Amino acid sequence: GHITAETLMSILRDKDSGICVDAEGFRTAGSMVSVLPRDPALPCVHFFTATPDPSRSVFKPFVFVAGIKPAPQVRSPTFLQDPAKQIPRFQSSVDRRHELYRRHQAALELMERDRERGQRLLGTLQELEQQGLQAMRELL
C-alpha cells in the first residue's frame, strides 16, 4: 500500500537484481512507470525514459490527451530510401536513433569520460525528474 512512482523507478534502476541491465552487449532499452488514479476524473500519468539504462536516464511525465502531437526529439527519423522498404530489403543500414537517444548517448559518454561533470549532469537530470514527479502530485 506504500508503493509510489519513485519506488517503481528505483526498482527499474536496480542493477544488482538484474532488472536494469547494462552489460554483455545488452542494455535495458527503456522503462515506463504509470500512475493510474482510482478516480476516473483524474488523468493517468505515465513516466517514460525514452532512452536506455534507466539508472542513468530521467523519467519524463506524459499525459495522453486528444490531439497530442509527438515531440520531434523522440521520433525516429524517416528516410526516402528506407532500406526496410526497398526490395531486396535491408541491403544497407541507416541511423534510426532519435535526437533524445543521441543526446543520451553523449551524456553516457561524458559520465564515463569525466566522472565529476557526469555526476553533475546526472544530478541535474534527477532534479528535472523530481520536478515532473512534483507536477504529477499537484495535478492529482
Side-chain angles (χ1 to χ4, degrees):
H2 293 59
I3 295 176
T4 64
E6 292 92 335
T7 304
L8 293 171
M9 290 173 187
S10 175
I11 290 169
L12 291 170
R13 289 179 165 134
D14 186 28
K15 291 191 181 222
D16 291 338
S17 70
I19 289 173
C20 180
V21 181
D22 186 19
E24 301 173 20
F26 180 80
R27 180 176 288 151
T28 299
S31 297
M32 177 181 121
V33 171
S34 295
V35 177
L36 312 172
R38 292 177 189 219
D39 182 347
L42 294 173
C44 297
V45 180
H46 309 277
F47 290 85
F48 299 96
T49 59
T51 51
D53 191 356
S55 72
R56 298 187 285 183
S57 294
V58 60
F59 282 86
K60 296 159 282 301
F62 186 84
V63 176
F64 289 94
V65 295
I68 192 74
K69 294 184 177 138
Q73 295 85 353
V74 295
R75 293 187 79 177
S76 293
T78 56
F79 304 92
L80 291 174
Q81 302 295 319
D82 192 330
K85 296 178 183 175
Q86 294 178 332
I87 305 294
R89 295 174 45 144
F90 301 109
Q91 298 300 301
S92 61
S93 62
V94 292
D95 186 357
R96 296 186 188 279
R97 296 175 301 163
H98 55 67
E99 181 64 24
L100 180 59
Y101 185 96
R102 285 196 299 271
R103 289 180 184 254
H104 180 264
Q105 291 304 108
L108 291 182
E109 290 171 14
L110 172 69
M111 288 176 196
E112 291 168 0
R113 184 179 66 249
D114 185 336
R115 192 167 188 88
E116 185 178 323
R117 285 181 59 208
Q119 286 303 308
R120 282 197 312 265
L121 175 60
L122 187 56
T124 299
L125 292 174
Q126 290 167 342
E127 286 175 32
L128 290 170
E129 182 176 280
Q130 286 303 312
Q131 289 175 21
L133 288 160
Q134 182 60 36
M136 175 205 58
R137 285 189 284 274
E138 291 169 9
L139 175 67
L140 299 179

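Keep in mind that what you see is a predicted model, and the values were worked out from it rather than measured. We're numbering straight along the sequence, starting at 1.
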According to side chain to side chain donor-acceptor pair (under 3.5 Å), who are the partners of [X], at least two apart in sequence or on a separate chain?
X	result
Arg117	none
Thr7	Thr4
Gln91	none
Gln86	Gln81

Is the count of non-hydrogen atoms from other residues, nucleotides or ligands lying under 6.0 Å from [X] atom [atom1] greater than 12?
X	atom1	value
Ile3	CD1	no
Ile87	CD1	yes
Arg137	CZ	yes

From Ser55 atom OG to Leu122 atom CG, the distance as rounded to the nearest 0.5 Å: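 Spacing of OG (Ser55) from CG (Leu122) equals 8.0 Å.
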From Gln73 atom CD to Arg102 atom CZ, the distance as rounded to the nearest 0.5 Å: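 Here the rounded value is 11.0 Å.
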Any pair counted as side chain to side chain donor-acceptor pair (under 3.5 Å), so long as it reaches residues 105-115, sequence neighbours left out: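 Output for this query lists Arg56-Glu112.
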Pairs touching residues 73-85 that satisfy salt bridge (charged side-chain N to carboxylate O under 4.0 Å, His left out), sequence neighbours left out: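 Checked against salt bridge (charged side-chain N to carboxylate O under 4.0 Å, His left out) - neighbours excluded - the pairs reaching residues 73-85 are Asp82-Arg96.
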Salt bridge (charged side-chain N to carboxylate O under 4.0 Å, His left out) contacts in which one or both residues fall within residues 10-19, not counting sequence neighbours: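 Non-adjacent pairs meeting salt bridge (charged side-chain N to carboxylate O under 4.0 Å, His left out): Arg13-Glu129, Lys15-Asp22, Lys15-Asp53.
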Tyr101: ring pair (Phe, Tyr, Trp, His ring centres under 6.0 Å) partners, not counting sequence neighbours: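 Tyr101 satisfies ring pair (Phe, Tyr, Trp, His ring centres under 6.0 Å) with no residue once adjacent residues are dropped.
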Residues clustered with Val74, ILVMFWY side-chain links under 4.5 angstrom: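 Other cluster members: Leu100.
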Cluster companions of Val94 among Ile, Leu, Val, Met, Phe, Trp, Tyr (side-chain spacing under 4.5 Å):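 ILVMFWY cluster around Val94 also holds Phe79.
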Min side-chain heavy-atom separation Glu116-Arg120 under 4.5 Å: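 Result yes, sub-4.5 Å side-chain heavy-atom pair found.
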Pro72 side chain near Glu99 side chain, heavy-atom distance below 4.5 Å: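 No - every pair of side-chain heavy atoms lies 4.5 Å or more apart.
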Minimal non-hydrogen separation, Pro61 against Gly132, with atom names: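 That would be CG-CA, 3.9 Å.
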Contact summary for Thr49 and Pro54, nearest pair of heavy atoms: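 Looking at all heavy atoms of both residues, the closest pair is CG2-CB, 4.2 Å.
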Distance-only donor-acceptor hits, side chain of residues 31-48, under 3.5 Å, sequence neighbours excluded:
{"unit_1": "Ser34", "atom_1": "OG", "unit_2": "His46", "atom_2": "ND1", "d": "2.6"}
{"unit_1": "Asp39", "atom_1": "OD1", "unit_2": "Ala41", "atom_2": "N", "d": "2.8"}

Glu138: salt bridge (charged side-chain N to carboxylate O under 4.0 Å, His left out) partners, not counting sequence neighbours: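 Glu138 satisfies salt bridge (charged side-chain N to carboxylate O under 4.0 Å, His left out) with no other residue.
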When clusters are formed by joining ILVMFWY residues with side-chain heavy atoms under 4.5 Å apart, either directly or through shared neighbours, do [X] and [Y] land in the same one?
X	Y	answer
Leu133	Leu125	no
Met136	Leu8	yes
Leu128	Leu139	no

